[in-house]
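Step one of this worksheet: look at the structure below.
Position 1 is the first residue of the sequence, and the numbers go up from there. Indexing begins at 1, ligand by ligand and atom by atom, following the structure's order.
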Amino acid sequence: MSHLRFLTAGESHGKSLTVIIEGLPSNLPFNFELLNLRLAQRQEGYGRGGRMKIEKDTAEITSGVRNGKTLGSPVAIIIKNNDWENWSEIMSEFPFEIQPGKITVPRPGHADMTGVQKYNFSDIRNSIERSSARETAARTAAGTVAEMLLNFFNIKLFSFVESIGGIYSDYEFYAKLLTSKNEPAITLLEQLQALADQSELKMPDTEQTFTIIEKIKNIKKAGDTLGGSVITAAVNLPPGLGSFVHFDRKLDAAIASSIMSVNAVKSVTIGGGDYGSTLTGSNFHDEIILENSRYLRNTNMAGGIEGGISTGMPVLVRSIMKPISTLMMPLKSIDLKNNSEIEARRERSDFVAVPAYSVIARAALSFTLAQFFLDKFSGDSMEEIGDNFSNFNSKIFSRIQENFGG
Ligand SMILES: Cc1cc2nc3c(=O)[nH]c(=O)nc-3n(C[C@H](O)[C@H](O)[C@H](O)COP(=O)(O)O)c2cc1C
């Protein structure tokens, strides 16, 4: 498997987030603008709480990049937490002289209770800090560097909101993407992304945006929260990424894992998988066609992956983020200091974070695809990888003719 991997460190209200990306080739042109754009986009979206007004995430590259290009050594990125100033006592690494407000009431749906049980903590704050989605800023940075690598080979990534609180985009675009050929799907994805990038909800829809914003306002007034669904896609991938030879080399399984690992994501579907329980085989599967010396599919219910291997069609992923767990109208919980029934703790929180999640989902998909891309076309420099990539691509059709031709 590819050596590309990343590690993140950082607590939600700590000094900073750190990400180290290892296994990148040398000579990847580093797109600083794209990195800061994705970090800024992760902070946007209607329905977020007060924290995102404090943080203005920017990436400080501390190693692995020189003269605008990667060196092949680990790339380290730091994202400072501006809010740290307000938390320096609570988050101090040194022993407390006086224990700052200990948290004893866990929130349902968060990692408060499970973290305390697992790590033997005496303050729920210790669970909250690392389980918070603040970590996804670091993950977005790692995924965006992977996106740069994919972009270099003309592989493009897309991600936008499909629904919030059960209200779907009017365009019903997912059904169109599943039933489109390769080129029309790419054009549609480009159009949808352009619309989503202008939307406060990162949703390609102007009609429903108003209705959804009204719904979020009402939900917020009621002290409640919402979730939603996101479509994430990659186009211009070669066939042949991933493998059926072993479970951990299957591309669809790896994508599901990286997307599901994002906070609050509870469902991941590749292509039209959700329809697999109702459609017949003849309606579900994609016919194989030959277009410009490429074996493609007439439709894309498979979401660009068959047998754990990319087909060359767009990779399509639909994922669902559950409603935010912190409620201003809280559910019942137990106060751990005396086991009495009590309302769960309120704390500063988002009401809806689906638009932000769409940015994180793109990063998660990018990283996994870059791992599988480097696995197949491995090399130490971008040039070497480029040679391996174009060699495979240029021969893929003629080899089939040699192997099967009369
Ligand atoms: C971008 C983003 C922002 C989030 N913001 C919050 C928040 O403000 N409050 C909250 O309770 N949960 C928030 N979450 C969700 C929690 O981090 C998540 O529910 C928690 O870590 C428990 O993990 P689980 O839901 O995956 O089981 C957010 C998730 C994402 C992806």
Side-chain angles (χ1 to χ4, degrees), residues 8 10-13 17 38-55 57 79 81 83 87 103 105-119 121 124-144 159-161 164-165 200-203 216 219-220 223-230 232 256-268 317 319-331 333 343-365 367:
T8 73
E11 274 70 45
S12 182
H13 300 96
L17 297 158
R38 294 286 181 249
L39 289 177
Q41 286 174 333
R42 195 202 69 91
Q43 299 190 276
E44 296 166 358
Y46 191 87
R48 302 215 67 188
R51 175 79 189 270
M52 286 306 121
K53 293 192 179 71
I54 300 172
E55 302 298 345
D57 290 343
I79 303 163
N81 284 328
D83 209 11
W87 288 78
I103 301 174
V105 183
R107 292 163 299 172
H110 223 294
D112 299 3
M113 188 69 226
T114 49
V116 162
Q117 285 170 313
K118 180 174 172 64
Y119 290 103
F121 289 144
I124 291 174
R125 167 69 47 210
N126 288 357
S127 281
I128 295 174
E129 285 298 321
R130 181 62 182 167
S131 65
S132 154
R134 181 77 189 127
E135 187 267 349
T136 61
R139 236 188 291 183
T140 299
T144 305
S159 198
F160 31 77
V161 173
I164 292 178
E200 271 188 284
L201 297 176
K202 303 210 182 301
M203 185 186 207
I216 296 173
I219 284 288
K220 186 176 168 181
D224 218 335
T225 61
L226 293 172
S229 60
V230 160
T232 311
S257 169
S258 70
I259 300 265
M260 181 75 90
S261 74
V262 179
N263 308 42
V265 174
K266 294 297 151 196
S267 165
V268 184
V317 185
S319 55
I320 293 177
M321 182 184 189
K322 73 181 185 184
I324 295 286
S325 322
T326 309
L327 305 178
M328 295 305 144
M329 178 196 58
L331 294 172
S333 183
E343 284 185 348
R345 193 169 166 275
R346 295 172 180 83
E347 75 163 59
R348 182 179 64 186
S349 176
D350 299 327
F351 304 92
V352 172
V354 186
Y357 165 60
S358 71
V359 181
I360 305 161
R362 184 204 280 108
L365 179 63
F367 203 87

- Note on the structure: closest protein heavy atom to atom 15 (C) of ligand 1 is A264 CB, 3.8 Å
- May I ask you to identify the nearest protein heavy atom to atom 22 (C) of ligand 1, giving residue, atom name and distance to one decimal place in Å? G109 O, 3.8 Å
- Query: How far apart are the closest heavy atoms of I324 and A353, and which atoms are they?
  - Reply: CD1-CB, 4.0 Å
- More than 12 heavy atoms of other groups within 6.0 Å of K220 NZ: no
- Decide yes or no on side-chain contact (heavy atoms from CB on, under 4.5 Å) for V230 and M321, but give the supporting numbers first. CA-CA 8 Å; V230 160; M321 182 184 189; over 6 Å; no
- Query: Are M321 and ligand 1 in contact, using a heavy-atom cut-off of under 4.0 Å?
  - Reply: yes
- Query: Starting from atom 1 (C) of ligand 1, which protein heavy atom do you reach first, and at what distance in Å?
  - Reply: I360 CD1, 3.6 Å
- Item | Contact with ligand 1 for S325, non-hydrogen, under 4.0 angstrom | yes
- About how many Å separate CD of E347 and CD1 of I124, when rounded to the nearest 0.5 Å? 10.5 Å
- Message: Under a 3.5 Å cutoff, is there a donor and acceptor pairing between the side chains of R107 and T326?
- Response: yes
- Residue and atom name of the nearest protein heavy atom (relative to atom 31 (C) of ligand 1), distance in Å to one decimal: N263 O, 3.4 Å
- Just distances here: any N/O of D350 and N/O of ligand 1 closer than 3.5 Å? yes
- Item | S132 N/O under 3.5 Å from ligand 1 N/O | no
- Query: Given H13 and N81, is the side-chain contact (heavy atoms from CB on, under 4.5 Å) satisfied, shown in steps?
  - Reply: CA-CA 7 Å; H13 300 96; N81 284 328; over 6 Å; no
- Quick look: M260 vs ligand 1, heavy-atom contacts under 4.0 Å, and the answer is neither
- The one among V262, I324, T140, T225 that brings a heavy atom closest to atom 10 (C) of ligand 1: I324
- Checking heavy atoms under 4.0 Å, the part of T326 that sits near ligand 1 is both
- atom 7 (C) of ligand 1: closest protein heavy atom, distance to 0.1 Å, is S349 OG, 3.4 Å
- Could you tell me whether some N/O pair between H110 and ligand 1 is separated by less than 3.5 angstrom? yes
- Query: Do any nitrogen or oxygen atoms of S131 lie less than 3.5 angstrom from nitrogen or oxygen atoms of ligand 1?
  - Reply: yes
- Item | Nearest-contact summary for atom 25 (O) of ligand 1 - protein heavy atom, Å | K322 NZ, 2.7 Å
- Message: Could you tell me if R130 and T8 have a donor-acceptor pair between their side chains, going purely by distance under 3.5 Å?
- Response: yes
- What atoms of ligand 1 come closer than 4.0 angstrom to any heavy atom of R48? 1 (C), 3 (C)
- Query: So, for E135 and L17, which heavy atoms are closest and what is the spacing to 0.1 Å?
  - Reply: CA-CD2, 4.2 Å
- Q41 vs R362, side-chain contact (heavy atoms from CB on, under 4.5 Å): CA-CA, chis, key distance, verdict: CA-CA 11 Å; Q41 286 174 333; R362 184 204 280 108; 4.1 Å; yes
- Charged N-O contact under 4.0 Å between D57 and R134: yes
- Residue, atom name and distance, where the atom is the protein heavy atom closest to atom 2 (C) of ligand 1: A133 CB, 3.5 Å
- Query: Below 4.0 Å from any atom of ligand 1, is there a heavy atom belonging to K266?
  - Reply: yes
- Kindly give the heavy-atom pair with the smallest separation between G47 and I216, and that separation in Å. CA-CG2, 4.2 Å
